[in-house]
Each structure stands twice: as C-alpha cells, then as structure tokens.
Amino acid sequence: MSDSSLLFMAGKNTVEEQRARWERKRSRTAKELLETEHKYLEQLDLVVTFFVTILKAKGTLKPAVLETIFGPLESIYSASHVLSLHLEKGNLGLGLENFSQNLELYGNYAENLEQANKTLKEQLRKNKSFRRFKKLQETRPQFQGRRLEDLLPLPLQRLHQYKHFLRDLLENTSPDSAEYQKLTKAVKSVSEVSRWVQDIIRKRENSLQLLRVQKLLKGQKTQVLSPERWYIREGWLSVVPPKGGELKRRMFFLFSDIFISAKPCHPLHPLNSNKLACRAVYPLHQCVVDKVFGHTQSQGGLLSLSFPHKTLLLMSSDQQDINDWHQCLAAAVRKLKG
C-alpha cells in the first residue's frame, strides 16, 4: 500500500473517530435532557394538578387572581409534555425546533413572576380558605416538603438548563447533519429568550436596590427612585476637608447618574436611629474623576472628584476598595458623557 493510501486511511479514521466522539457526547446529552425533562414535568404537574386544576374547579380564587398567580404555567407544561414525547422517540431536532416556538411563554412567565408572588402573598393574608387549601396540598407526600413558592420559579431555572443542553447538543452535531440547522434555530431562540429573562431579572433586582436605598435615607427629600437610574455600588469612605482638619466618615451611594453622600442619623433618634441623612447629591455628568494616590501597592488611596463648584477628596485605607471605587466612578462618568 502506498504512502498516500496510508495517509488517506489515517485521515478517514480520524474523521470517523471524531464523529464517533460527537455521537457519544450527543447521546449522553440527549439522554440527560430527557431524564431532566421528565423530572421537570413531574414538578410542574404538582402545580398544575394539585393547584391550578382544583382551584379552577372549586372557585376558591377568582379567575383573574388565578391567572395572575400561575400565568401561562399550563401552556408551559403542555409544551414540555410534547417535547418529552419527541425526545422519547429520538426526534431531537424536530422536537426542539417545535418547542422553540413556545419559548416566548417563558419570557411572559418571567415578566409576570413578581406580580404573581405579590398576589400570592396577598391572597395568603386575606383569603382564609385558600390559605387552608395551600397548606393541605403541600402536606401531600408527592410534594416532599416543597411549598408552592419553591415550585413557581422552576420554569426560569429550566430555561437556563435548556440553554446549556442545546449548546452541548449543537457542538456535538455534525454541521452536515439534517438536525444541525434545526438545533441552530433552537439555540438562537433559547439564547434570545434567556437574554430577555435575564434583563427582566436585572431590572427587578435594580428596582429593589433603589427602593432599599430610598428607605435607608431619612425623609423623602432625596428622590432615589427614577425609571432610568441604575444602582452600581455603595460603601464607607473618608472625606478629606479641603483646608485640613479631621476626616469625616460618610456613606456613599453610586448610581448611573448621581453620587450621594450621607451620614448616620443620631443613634438615639426615636424614628431615624437606623437611617442615614443625605448630605449631598452630585450629578455625575459634571464630574471629573482622578486617582491622587493609590497607583502602587501602598496602603489605601485617595480619589479626587471635581464638580463645577466643589472638589471632593475621598480616602480609604483599603487599596482594593479605592481601586474599585475609581473604576466604578470612572466607568459611570464615561458612560454618561459617551
């Protein structure tokens, strides 16, 4: 056999070995996807069977309230049931392609989840018969100690898992395979909806941070809550007086557009002992940030924040802390001016 023939045979074997590795990994991922889908369906079934279906029949909750608490959960359950049937038959590409058309349900579910949790708490407080019903259902052996509140976030957790499963499947599918294009579409759909959901979660977490800071500040004079405002960070820094003197320890809150300085209220104040009094609100679009020292591995550092009518000198004994503040402040100012 000639050298060229041997090289051809070796190349062929290498390609076949690669395809065999892809197929093994793909089979393992497909098996895990099906097994976890069955478990996911069992958990969703607890909510659909023991809550949604019975509550609809009993009329314990008004239809609008029921819809608010559970959102499109029944439709999500149906879509997953159809997907599991496809997976059981080995119709991976077709099953996932069809399933990806229902992924918008997950985005709608995420948008509704905050209101769902509020309404659930409200009904548990006001509706005695619903409170009793929920407690009774949760004591069933199928629930294994889980509460309704533990089961409602499941679709969002599963969406995150779908993203990883589908990427693994695509990576281990040959590009010339009939299923490759279907999996590519499914991966794109899951990634888009996942970004949509992450954006919803990020906005919700930001709203909670703004609300927390608003409640920390005494009175309502300083308006922290604003639709376009983003929380960045907070922490204690020492203010260096411009003409010398004793350092003043202040709490600072950095947002996407403003920088707030606050000091603790008097510990013996009858109403505000745990609150902070706002000392100043600085607009970041007028700010110039400089690191005065702290460039080397020295102890701590000093920042200079220049505004049209004031310069703030802020100090920390923690080197990493002053570096983080400098990075966050510079990035926020740059973004506003860009």
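- Considering every non-hydrogen atom in both L156 and Y106, the closest pair reads CD2-O, 3.9 Å.
- The two residues F253 and A262 come nearest to each other via the heavy atoms CE1-CB, 4.4 Å.
- By the 4.5 Å heavy-atom criterion applied to side chains, L148 and E138 are counted as neighbours.
- Relative orientation of the Y282 and F307 rings is parallel, given thresholds of 30° and 60° on the angle between their planes.
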> Stepwise, does the side chain to side chain donor-acceptor pair (under 3.5 Å) test hold for Q320 with D324?
Replying inline: CA-CA 6 Å; Q320 187 58 52; D324 289 347; 3.0 Å; yes

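- Contact of the D168 side chain with the K25 side chain is not registered, since no non-hydrogen atoms from C-beta on lie closer than 4.5 Å.
- Looking at every heavy atom in both residues, V193 comes nearest to G107 through CG1-N, 4.0 Å.
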>> Would L247 and V240 count as a side chain to side chain contact (heavy atoms under 4.5 Å, CB included) here? Give the steps.
In response: CA-CA 5 Å; L247 297 176; V240 182; 3.7 Å; yes

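- Residues L211 and L276 are members of one and the same hydrophobic cluster, defined by side-chain heavy-atom contacts under 4.5 angstrom among Ile, Leu, Val, Met, Phe, Trp and Tyr.
- Using a 4.5 Å heavy-atom threshold, the side chains of L33 and L169 count as touching.
- With values rounded to the nearest 0.5 angstrom, L170 atom CG is found 8.0 Å from L166 atom CG.
- Using a 4.5 Å cut-off on side-chain heavy atoms (C-beta onward), F255 and E234 make no contact.
- Of the possible donor and acceptor atoms, one in the side chain of Q214 sits under 3.5 Å from a partner among the backbone N and O of V224.
- Counting only heavy atoms from C-beta outward, the side chains of F133 and I54 approach each other to under 4.5 Å.
- S177 pairs by the side chain to side chain donor-acceptor pair (under 3.5 Å) definition with nothing, not counting sequence neighbours.
- Taking CG of D321 as the reference point, atom CG of L237 lies at 6.0 Å (rounded to 0.5 Å).
- With N117 contributing its side chain and E114 its backbone, the two residues share no donor-acceptor pair below 3.5 Å.
- Cluster membership for L34 and L83, using ILVMFWY side-chain heavy atoms within less than 4.5 angstrom, is shared.
- Linking Ile, Leu, Val, Met, Phe, Trp and Tyr whenever their side-chain heavy atoms come within less than 4.5 Å puts L152 and I201 in one cluster.
- A 4.5 Å side-chain heavy-atom check between T119 and F70 finds every atom pair outside the cut-off.
- Atom CG of L183 is separated from atom OG1 of T173 by 5.0 Å, given to the nearest 0.5 angstrom.
- Among residues at least two apart or in separate chains, ring-ring contact (aromatic ring centres under 6.0 Å, His included) pairs with a member in residues 144-170 are F99-Y162, H160-H164.
- Using a cutoff of 4.0 Å between basic side-chain nitrogens and carboxylate oxygens, E122 and K118 are not scored as salt-bridged.
- Within 6.0 Å of CD in E35 there are more than 12 heavy atoms belonging to other residues, nucleotides or ligands.
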>> Please determine whether side chain to side chain contact (heavy atoms under 4.5 Å, CB included) holds for the pair L120 and F130, giving the CA-CA distance in whole Å, both sets of side-chain angles, and the decisive distance to 0.1 Å.
In response: CA-CA 10 Å; L120 177 60; F130 174 62; 3.7 Å; yes

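- Here the closest heavy-atom approach between residue S191 and residue R167 is recorded as OG-NH2, 3.8 Å.
- Annotation: side chain of R158 is in contact with side chain of E37 (closest heavy-atom distance under 4.5 Å).
- We find the CD-CZ distance between Q286 and F259 to be 15.0 Å, quoted to the nearest 0.5 Å.
- Side chain of D257 to backbone of P283: no donor-acceptor contact under 3.5 angstrom is found.
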> Step by step, would you call T311 with S304 a side chain to side chain contact (heavy atoms under 4.5 Å, CB included)?
Replying inline: CA-CA 7 Å; T311 296; S304 167; 3.7 Å; yes

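- The pair K134-E149 counts as a salt bridge, with a side-chain nitrogen and a carboxylate oxygen less than 4.0 angstrom apart.
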>> Run Y109 and L113 through side chain to side chain contact (heavy atoms under 4.5 Å, CB included) and show every step you take.
In response: CA-CA 6 Å; Y109 190 80; L113 194 58; 4.1 Å; yes

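- Both L336 and V289 sit in one connected hydrophobic cluster of ILVMFWY residues. Membership requires side-chain heavy atoms under 4.5 Å apart, directly or through other members.
- More than 12 heavy atoms of other residues, nucleotides or ligands lie within 6.0 Å of NZ in K163, so this atom counts as buried by the packing criterion.
- Between P155 and L73, the shortest heavy-atom contact is CG-CD1, 3.8 Å.
- In this structure, N206 contributes its side chain and R229 its backbone to a donor-acceptor pair below 3.5 Å.
- With no hydrogens or angles considered, a side-chain donor-acceptor pair links H38 and E88 at under 3.5 Å.
- No single ILVMFWY cluster, assembled from side-chain heavy atoms under 4.5 Å apart, contains both L124 and L136.
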> What's the verdict on salt bridge (charged side-chain N to carboxylate O under 4.0 Å, His left out) for R195 and D199, showing C-alpha distance, side-chain angles and the deciding distance?
Replying inline: CA-CA 6 Å; R195 279 195 296 272; D199 193 44; over 6 Å; no

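- Residues forming a side chain to side chain contact (heavy atoms under 4.5 Å, CB included) with Q43 (at least two apart in sequence, or on another chain): K39, R146, L151, L154.
- In this structure, the side chain of T53 engages the main chain of V48 through a donor-acceptor pair within 3.5 Å.
- The nearest pair of heavy atoms linking E111 to I200 is CG-CD1, 3.2 Å.
- D318 is not listed as a side-chain neighbour of W236, based on a closest heavy-atom distance of 4.5 Å or more.
- Separating the CG atom in L216 from the SG atom in C265 is a distance of 10.0 Å, to the nearest 0.5 Å.
- With R250 contributing its side chain and K263 its backbone, the two residues share no donor-acceptor pair below 3.5 Å.
- The CG atom of L159 sits 5.0 Å away from atom OG of S194, with the distance rounded to the nearest 0.5 Å.
- Annotation for K337: atom NZ counts as buried by contact number, over 12 foreign heavy atoms lying within 6.0 Å.
- Using modelled atom types, no side-chain atom of E97 and backbone atom of K182 make a donor-acceptor pair closer than 3.5 Å.
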